[in-house]
Amino acid sequence: MNPDKPSLLVVDDEQVVRESLTRWFTEEGYNVHCSPSASDALRCLADHHFDLLLVDIRMPGMDGIELQRRLHEQDSDAAVIVMTGYASVDTAVTAMKQGAFDYVTKPFDPDEFSTVVKKALEHQHLQRENRALREALEITTEDIELIGRSAPIEHVRELIRTVAPTDATVLIEGESGTGKELVARAIHRCSRRRLLPMVVVHCGAITETLIESELFGHEKGAFTGAQYRKKGKFEAAAGGTVFLDEVADVSLKTQTDLLRVLQEREVVRVGSTAAIPVDFRCVAATNKNLEALVKEGTFRSDLFYRLNVFRITIPPLRERPEDIPLLASWFVKRFSEQMNRRFGGLDADALQLLCRHPWPGNVRELENAVERAMVVGREPYLHAPDFAVGDSPPASPAELSLEAMERHHIQRVLHQFNGNQTQSARALGIDRVTLYHKIKRYNLTVRSAGAEPRP
Amino acid sequence: MPDILFVQLGPLPPGLLEHLAPPASRAFHLQTSLHHPALDPAPAYDASRHQYLAATLLDALARLPAHRVLGVTAVDLFNPILTFVFGEAHLPGRAAVFSLYRLHEEFYGLPCSPDLLLARAVKEMLHELGHTFGLTHCPDFSCVMSSVHSVEGVDRKGNSLCRRCSGLLQGEL
């Protein structure tokens, strides 16, 4: 047998058919085996691998349909073409339902038969290739890409491993910049839906008027500017994961709509009345305390319970300072590749500085700090002065520079007014825009009442 | 010297076998000879299909003493699984057969063209004889060993072996 040539198994009780097909396929250059019965074919399949099976439907003993069913059970990846001398719609339908690639009636037109066989072999080749690629993908996506070896991050990793294979809805909590989307992606990658899309919805970034259409889609002409029919995010997930980021930021009206989708597993596009079934796994994230928002009446309790099936709380960076060196090294490596620079890492002073810093902006702030340092720093190592992070909170404000003092003061005022920027600006004697710029400049954390750490 | 024995199976256009012999001799470096008398294809006739079973003719041809035996017929050939065949051969083996039935322009409602018929017959002859030397179908569309299932396909392919098939044939010879 030539291993480079496709191998075929002809299963037919008529010797003349087996001989004719053997002659035909041998001329085509294929490796051909023959079986006079279905049971003989099963024995043959146990010992040899075949790309294509040509199976007669009517055979004494086990018929072709039953053989096909057995093959299906054995998870055989060979393509099957069913042959019959008596054209019958019923048997054709049964054969195709069982997964036959095609159905041909004897005698075959040579041109059509040749095309069917070639297509079946192509299909089988693609299927096998696809399976191999999926397996390769599974190997490369097995790891959960969360950097850190601290106990809190190990716990998060453990929770991901526990919940990912289930289809449970997950609520991810954590301050801004802790890596909620990273956790959501890890859950998706470790789930059975990993080969399907993960659709991210930044709830806070979509205006109220558009969110319904974004989430649920719209029909053509549903509103001004709706020139085409559009699928919503839940439909786009197509069996994958929908990640609702900043879920606390949606209005009560949208909360009602979300609750309906989570309960009914169907959406109604804007401008339509037809319910479309949707298959998805929901992962939601928030940097606020949803329970506090429920008490306040700004977040629906029933939606909260729907989302809070399995909760993962990501610890802020200040609670796992032992991960800072590892994270910093990882960012240095990543930016070195992106910036085409050759930094070997950080010196001891720089590491000490980073480990002392409280990182109110968490991992994202650390990432930005490393990136900035790599812009201003000189190879091969990053030094403490390269980092534009404040020193650790001093015992007394008198030790601070004017700039650090300003930063500290603004943070305190923001905290005092529960993150309300209008009130804070008024108290500071500056306008809101100036305050906004200073918040951005100092990378300050603005927490609302709901964002207070839970008791 | 080994030879290719041409066997007429039923009536054929006059002089056709004389035209087929030289290209066969050149392609396979063998002498050719003609079997007398012509054989009757009737035993291969299948009344239900109104066609002639190629395998029956091949078995009869294989009984004749020659290095290679080529049957040429004007009747319509079939095998049990296909609606028709242009020809068939033992691969590898000694016997080959092909039919002019579907190589005639008249079969397709077109005016008679003896030159085109001869050109097609040469290709089918070389193709089936090629199988007896162990050659399988060739992916090169211009090679005479390429697999075709229509007369347009016969016209499209060339009337000689590609370099690869020539090499394989040399090995067999």
Side-chain angles (χ1 to χ4, degrees), chain A residues 1-2 4-32 34 36 52-59 64 81-87 102-119 121-122 125, chain B residues 44 46 48-59 62 76-93 95-99 102 124 127-140 143-154 156 164-165 168:
Chain A
M1 267 186 41
N2 183 343
D4 298 332
K5 295 280 185 185
S7 55
L8 280 62
L9 178 64
V10 175
V11 190
D12 200 305
D13 57 320
E14 288 182 76
Q15 189 180 352
V16 69
V17 172
R18 295 197 302 272
E19 284 175 0
S20 301
L21 280 171
T22 302
R23 187 173 295 144
W24 164 278
F25 289 124
T26 308
E27 284 179 6
E28 293 284 341
Y30 299 138
N31 297 315
V32 195
C34 284
L52 174 64
L53 270 69
L54 288 116
V55 179
D56 186 34
I57 283 204
R58 289 200 186 186
M59 289 185 287
I81 295 176
V82 167
M83 312 180 290
T84 179
Y86 316 88
D102 215 330
Y103 175 92
V104 288
T105 309
K106 293 183 237 173
F108 323 122
D109 176 82
D111 209 15
E112 284 173 18
F113 186 55
S114 171
T115 307
V116 167
V117 169
K118 276 183 189 148
K119 278 191 175 171
L121 286 168
E122 274 172 21
H125 176 74
Chain B
D46 185 305
S48 64
R49 292 188 52 158
H50 307 295
Q51 288 173 306
Y52 292 75
L53 185 61
T56 307
L57 296 177
L58 280 180
D59 290 343
D76 194 16
L77 299 179
F78 80 102
N79 76 21
I81 53 147
L82 297 174
T83 49
F84 74 91
V85 290
F86 285 124
E88 215 165 80
H90 288 157
L91 190 168
V97 63
F98 79 95
S99 162
R102 290 169 192 260
E124 282 310 295
H127 183 97
E128 298 305 338
L129 281 173
H131 282 319
T132 66
F133 288 97
L135 297 181
T136 56
H137 286 159
C138 177
D140 182 344
C143 177
V144 80
M145 290 311 296
S146 68
S147 169
V148 296
H149 310 293
S150 67
V151 78
E152 292 83 4
V154 177
R156 211 163 35 237
R164 175 183 157 274
C165 290
L168 292 171

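All chains are named by letter (A, B, ...) in the order of the sequence lines, taking the proteins before the strands, and each is independently numbered beginning at 1. Atoms considered below: every heavy atom in the structure, side chains included; atoms not considered: hydrogens, waters and symmetry mates.
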note = Against chain B, residues from residues 107-114 of chain A with at least one heavy atom under 4.5 Å, in numeric order, are P107(A), F108(A), D109(A), P110(A), D111(A), F113(A), S114(A)
message = Quick check for you: to the nearest 0.5 Å, what is the distance between H137(B) atom NE2 and Y30(A) atom OH?
response = 10.5 Å
query = Can you tell me how far the NE2 atom of H149(B) sits from the OG1 atom of T115(A), to the nearest 0.5 Å?
reply = 7.0 Å
query = So what's closer than 4.5 Å to chain A heavy atoms on F84(B): side chain, backbone, both or neither?
reply = both
query = chain A: which of L91(B), L53(B), V148(B), L135(B) shares the most heavy-atom pairs with it under 4.5 Å?
reply = L91(B)
inquiry  = With heavy-atom distances below 4.5 Å as the criterion, would you say the side chains of E27(A) and S147(B) are in contact?
reply    = no
task = State whether the number of non-hydrogen atoms from other residues, nucleotides or ligands found under 6.0 Å of R102(B) atom CZ is greater than 12.
result = yes
ask   = Just one of I81(B), V85(B), L58(B) clears the side chain to side chain contact (heavy atoms under 4.5 Å, CB included) bar with R23(A), so which one?
value = L58(B)
